[in-house]
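Input: a single structure, listed below in structure tokens.
All residue numbers refer to positions in the sequence shown, counting from 1.
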Amino acid sequence: MFILLANGTANAGESIGQVFVWFLMVVGTLALIYAVLTFLDRRYKKNGGEDPAPAKKKDPKTFGEVLSEKIEQKKEKDEDTRV
């Protein structure tokens, strides 16, 4: 990056080659990073990856049914505590 900034006094035609070389180096570096991450991902998946969490069983009751049961339980509890 500093080399590109140091070419500030040069004409555009003189430093275009350096800019192209630096561009290829940046693209090559990003391609290398992508290749390493892809390799690690495939190796991780090949070795089993993460164990998925067990699926939770859903209660077939609706929210209204559960709420009405809770209200009835609360009323019964309140009646039991009264003397």
Side-chain angles (χ1 to χ4, degrees):
M1 185 71 176
F2 295 110
I3 294 173
L4 291 176
L5 293 175
N7 288 331
T9 59
N11 293 336
E14 294 174 4
S15 61
I16 193 74
Q18 286 181 339
V19 172
F20 183 69
V21 169
W22 281 100
F23 174 74
L24 288 178
M25 288 177 59
V26 168
V27 170
T29 304
L30 292 176
L32 181 63
I33 292 171
Y34 179 77
V36 168
L37 290 176
T38 303
F39 172 75
L40 291 175
D41 185 48
R42 287 184 183 172
R43 187 172 177 198
Y44 179 72
K45 287 180 181 178
K46 182 181 177 184
N47 291 334
E50 292 183 12
D51 295 332
K56 294 181 181 179
K57 294 183 179 180
K58 294 185 178 180
D59 194 10
K61 295 179 184 178
T62 62
F63 178 73
E65 293 172 347
V66 173
L67 187 60
S68 62
E69 286 179 5
K70 295 285 184 183
I71 291 172
E72 289 176 16
Q73 289 174 357
K74 178 127 173 100
K75 285 181 183 178
E76 290 174 1
K77 184 179 175 185
D78 288 342
E79 289 174 0
D80 291 342
T81 57
R82 293 182 188 173
V83 178

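Between atom CG of residue Asn47 and atom NZ of residue Lys45 there is a gap of 13.0 Å, rounded to the nearest 0.5 Å. Within the model, atoms CD of Glu76 and CD of Glu72 stand 7.0 Å from one another, a figure rounded to the nearest 0.5 Å. Put simply, NZ on Lys77 and NZ on Lys70 are 11.0 Å apart, with the number rounded to the nearest 0.5 Å.
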Worksheet item: When you look at Asp41 and Leu37, which way does the side-chain contact (heavy atoms from CB on, under 4.5 Å) test go after all the steps?
Response: CA-CA 6 Å; Asp41 185 48; Leu37 290 176; over 6 Å; no
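In the hydrophobic cluster analysis, where Ile, Leu, Val, Met, Phe, Trp and Tyr join through side-chain heavy atoms closer than 4.5 angstrom, Ile33 is grouped apart from Met25.
Glu69 meets the side chain to side chain donor-acceptor pair (under 3.5 Å) test with Lys61; sequence neighbours excluded.
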